[in-house]
Protein chains: 2
Amino acid sequence: MSKKIQVAIADAQVLCRVGLCDVLQRNPDVDIAGQAGNADELLKIVEERPIDVVVVDYNQPDFFNPEIVADIKKSAPSTHILVISSDDRKERIYQVLEDGVNSFLTKQCDEGEILDAIKATARGDKFYCHKILDLIIERSFPSKSEDCTATPLTPREKEILTLVAKGKVAKEIAADLHISPHTIYTHRKNILRKLNLTSPTEMIVYALEHGMIELSDRS
Amino acid sequence: MSKKIQVAIADAQVLCRVGLCDVLQRNPDVDIAGQAGNADELLKIVEERPIDVVVVDYNQPDFFNPEIVADIKKSAPSTHILVISSDDRKERIYQVLEDGVNSFLTKQCDEGEILDAIKATARGDKFYCHKILDLIIERSFPSKSEDCTATPLTPREKEILTLVAKGKVAKEIAADLHISPHTIYTHRKNILRKLNLTSPTEMIVYALEHGMIELSDRS
DNA sequence: GCAATTATTTGTATTTAGTCTAATTTAGCG
DNA sequence: CGCTAAATTAGACTAAATACAAATAATTGC
């Protein structure tokens, strides 16, 4: 008798939890060991009992955020993580992939992909849906793809852009990074040139659209 | 023998459709008459057979958008509409409510509310979850509520704020409005003071959150 | 290892943007 | 009519940003 795959479902929306439950149980080897509507509930579950796979949407402010991946790995290092999220911010997706999630699906995926993904993830394999694979390939072979969606910015420039977009002025950024304000000016000028922007405001919009910063709170 | 409530589920995400299916079928009077993953599929369903209630998330670009409400009413005027969406833009929510949806839930709602809502909607009644009711009340009695969500800005200040948030600098705005740049500075300063903001960045965030401007495109 | 390129950093002189203070004009209201 | 809020503006001053020029530091490709 092989032990069933112990799965924890973590999603702030009850509808998605119900949907996941329904879909996952079409695999008779899967045992839904727990459901969580927020990060605290999830961490309690993975600390209390052995979980093979956590299915989680990390992109639900106030309930789950990207740090949940590291938290799970800390609380239960042997647990595999399957993300099912509709995050559309490339940078954040890359970050989460680097943080070590095993598999990544979007919420546009169908039952078949979800069932395949849960099997692969339970085995410790990786599983990515097409949209995510496209992103990974785009990042790995930036020159191959014809579009220029990959930011041509250097790491330092991205760092500066993020801070500028957060509303900090050059002097503050300079103080933060312990460099001269002039350096900030130069970087900012280069960023504007590279991105074909004209005003700092457009930088904010750019940063927002690329997930480099976030709107703080939305009522 | 009373006829069952004929329900069509319209959501681009298969997970949500499955979840809705599961939840709705806990009411034995409900008959899932069809499921649609995009607007065309949905319209085909409501044109082909009599649907009592359409459960739809209008906020899924490329699949469903707010115009779906009017389209449904045109194709099947007697169909009641229950929105389950996680739209967070007040102005759009107000618009959809005006377009004549019967009921409005968010995706944060639980099974109980969904089941109550489907019953009420099938009867032709209205059903709004707390978040939406709060919005309606806030709009109906703007002065009554103690919070200051209603912008204390003068019309001119709103105008300036919009232009600033669009990325125009003071001089451009001044040229547009045929007034002195100093006027813009003064207005901007007053806006920041009234809204308790410190940087132009926060003005953009504020404008975005209040639907005064929109991000152009997101890939 | 060296040349070439790119990334990162800085300074000086100059220009522009923005703040502070204060004041004027306009329009609505009891 | 006097009162108040809104809208407008100027002058003096300060901070921010740019143009320009260039020095290091790190990477890449022979």
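Chain identifiers are assigned alphabetically (A, B, ...) following the order of the sequence lines, protein sequences preceding nucleic acid strands; residue numbering begins at 1 within each chain.
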Phosphate-side-chain proximity, T154(A) and dT6(C), N/O vs OP1/OP2 below 4.0 Å: no

For E41(B) against N38(B), the heavy-atom pair lying closest together: N-OD1, 2.9 Å

Establish, from distance only, whether the side-chain atoms of E159(B) and T162(B) form a donor-acceptor pair under 3.5 Å. no

Between K189(A) and V169(A), whichever has its closest DNA chain D nucleotide further toward 5' is V169(A)

In whole angstroms, how far is the C1' atom of dA17(D) from the CG atom of L192(A)? 11 Å

Length of the line joining I184(A):CD1 and dA15(D):P, which is rounded to integer Å: 19 Å

Just how far, in rounded Å, is C1' of dC20(D) from CG of N190(A)? 13 Å

Among dA7(D), dT8(D), dT9(C), which is the nearest nucleotide to the side chain of P155(B)? dA7(D)

Between K194(A) and P181(A), who's closer to the 5' end of DNA chain C by nearest nucleotide? K194(A)

Distance below 4.0 Å between S180(A) side-chain N/O and dG11(C) OP1 or OP2: yes

Between dG18(C), dT18(D), dA7(D), which one does the side chain of E157(B) approach most closely? dA7(D)

Below the 4.0 Å mark, does dT10(C) have OP1 or OP2 next to a side-chain nitrogen or oxygen of T183(A)? yes

Euclidean distance, atom NZ of residue K168(A) to atom P of dA17(D) [Å, nearest integer]: 14 Å

Under 4.0 Å between a side-chain N/O of H182(B) and OP1 or OP2 of dG18(C), yes or no? no

Provide, to the nearest angstrom, the distance between the CG atom belonging to L163(A) and the P atom belonging to dT8(C). 14 Å

Taking the side chain as C-beta and beyond, is there a heavy-atom pair between C109(A) and K131(A) under 4.5 Å? no

Can you tell me if the side-chain N/O atoms of Y185(B) get under 4.0 Å from OP1 or OP2 in dG18(C)? yes

Can you find a side-chain donor-acceptor pair between T121(A) and S103(A) that sits under 3.5 Å? yes

Would one find a side-chain N or O of R156(A) under 4.0 angstrom from OP1 or OP2 of dT9(C)? yes

Tell me whether the OP1 or OP2 atom of dT18(D) has a side-chain N or O from R188(A) closer than 4.0 Å. yes

Atom CD1 of I191(B) and atom C1' of dA7(D) are separated, to the nearest Å, by 12 Å

What integer distance in Å separates I173(A):CD1 from dT8(C):P? 15 Å

Check this for me: does the side-chain of T186(B) come within 3.5 Å of the base of dT9(D) through a donor and an acceptor? yes

Taking 4.0 Å as the cut-off, does a side-chain nitrogen or oxygen of K171(B) come that near to OP1 or OP2 on dA17(C)? yes

Does either side chain, that of D31(A) or that of Q6(A), offer a donor lying less than 3.5 Å from an acceptor on the other one? yes

